[in-house]
Amino acid sequence: MKHPFPDMPAAATTPASEISIAGDDEADESYLGQFIPLYYHHNMLMDENRMLSFKAAIDHAVFEGAKVLELGGGTGVLSCFAAAKASNVWCVEFNPDLVRESQRFLALNPHGHKVTVIHANAFEYLPPEPVDIVICEMIHAAMLKEKLVDVIEAFKQRYRQRFGEHLPVFMPEAMVMAVQPIQQNYDFFGYYAPIIQVQPAYFSHPETIELAAPMVYSTLDFSQPVAREIEWEGAFTLESDCVVNALRFITKNILSVVAEQAATIDWFMGYLALPLAEPVHVKAGDTLKVSFRYLTGGSIRSLENSIHASNVTICDGTG
Ligand SMILES: C[S@@+](CC[C@H](N)C(=O)[O-])C[C@H]1O[C@@H](n2cnc3c(N)ncnc32)[C@H](O)[C@@H]1O
């Protein structure tokens, strides 16, 4: 995997009302959208990459006696990590099954008694007093499907109205998203199926050929106003003759900034690999132009439908 992200043109923004979401957002919501099934929380608890990143970030950001709010608490695990040092944690969850389960789990853990689970909508809830840190893990690769951006922006607005201008620190503090052309093997025992996939980060992927270094297409800084609209156009120079048949979307969550070490605690999510509707044939040195636009929290289909990828190399007549 080629890291880090090289410099890129800044992402443009378009008013949300002008972006047509050519997807099936409503259908998307009904499974693994906002209502994540209970058994899937086990997968999240087992995800070492996710868990250790959050544990380290919470340990760094939450100070002794801090007041913490978690929006979308699920099983309560991140709230419980925070409770190791915090004096109070409010853990907001709207799925009644998870409200019940998190209360049961928290009672089994040291510090769990410092967490108050609240059955409420994260779009509406305000804590009874100002908080120092807001944790929100409503995050999906490429910031699709899950509603972190909307939830945080709505929260900032009502928090300011109630408690004044000074905002808490958000976890994640920021996020960086990049895109990379790839050639993906879609042959499954003789059956060709160009299918969407999520590839674990930090592992090698023998079925994937990386055709150029990833380019950053968006950075979100939650200490500033964040727009939902993402629109990007960029060009990759391909290093060898190949067929570009997919784009890989890389999402790095900057969970906490460790200023004293000039470092960050990051969580790389699984890479989202989306097959192109039409594979693009390129020769070494050709330029691949890529563009897409979508709304954070929108469906994967809406991003897929907006992707344009073409070989824009001008033929000089010699080859
Ligand atoms: C990706 S899970 C993360 C759960 C937990 N924080 C963790 O890290 O394991 C997101 C959680 O947010 C909850 N959620 C989604 N939308 C919500 C909303 N509008 N209000 C409250 N909770 C919400 C879901 O039910 C789910 O439990």
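Throughout, residue positions are numbered sequentially from 1 according to the sequence presented. First listed ligand is number 1; within each ligand, the first listed atom is number 1. Just so it is clear, the model here is predicted, and its values are computed rather than measured.
Between the side chains of Thr208 and Gln199, at least one donor-acceptor pair of N or O atoms lies under 3.5 Å. Between Gln180 and Glu210, the side chains place a donor N or O and an acceptor N or O closer than 3.5 Å (distance only, hydrogens not considered).
Contact analysis leaves Ser79 out of contact with ligand 1, as no non-hydrogen atom separation drops below 4.0 angstrom.
Considering backbone and side-chain N/O of Ile139, none are found under 3.5 Å from N/O of ligand 1. The N/O atoms of Asn121, backbone and side chain alike, include one that comes under 3.5 Å of an N/O atom in ligand 1. For ligand 1, the polar-atom distance check against Phe123 finds no nitrogen or oxygen pair separated by under 3.5 Å. Geometrically, ligand 1 and Asn95 share no nitrogen or oxygen pair separated by less than 3.5 Å. Taking only nitrogen or oxygen atoms, main chain and side chain alike, Leu78 does not reach within less than 3.5 Å of ligand 1.
The side chain of Val77, and not its backbone, has at least one atom closer than 4.0 Å to an atom of ligand 1 (non-hydrogen atoms only; side chain from C-beta on). Looking at Leu71 against ligand 1, nothing comes within 4.0 Å, counting heavy atoms. Contact annotation for Glu137 and ligand 1: heavy atoms of both the backbone and the side chain come within less than 4.0 Å of the ligand.
With respect to the salt-bridge test (charged N to carboxylate O, under 4.0 angstrom), the residues Arg293 and Glu229 do not qualify. Salt-bridge check for Arg158 with Glu124: failed, with every basic side-chain N at 4.0 Å or more from each acidic carboxylate O. A salt bridge does not link Lys85 to Glu64: none of the charged side-chain nitrogens sits closer than 4.0 Å to a carboxylate oxygen.
Across the listed options Glu93, Arg50, His41, Arg50 owns the non-hydrogen atom lying nearest to atom 8 (O) of ligand 1. Of the options Ala122, Pro96, Pro37, the smallest heavy-atom separation from atom 20 (N) of ligand 1 is shown by Ala122.
Nearest approach of Leu78 to Ile58, heavy atoms of both residues: O-CD1, 3.7 Å.
Proximity of a side-chain donor or acceptor of Thr264 to a complementary backbone N or O of Ser256 within less than 3.5 Å is not detected. Side chain of His205 to backbone of Phe203: a donor-acceptor contact under 3.5 angstrom is found.
For ligand 1, the atoms lying closer than 4.0 Å to a non-hydrogen atom of Glu146 are 1 (C), 10 (C). For ligand 1 and Ala120, the ligand atoms under 4.0 Å from any heavy atom of the residue are 20 (N), 21 (C).
Across Thr237, Leu288, Leu238, a single residue satisfies side-chain contact (heavy atoms from CB on, under 4.5 Å) together with Leu211, and that is Leu238.
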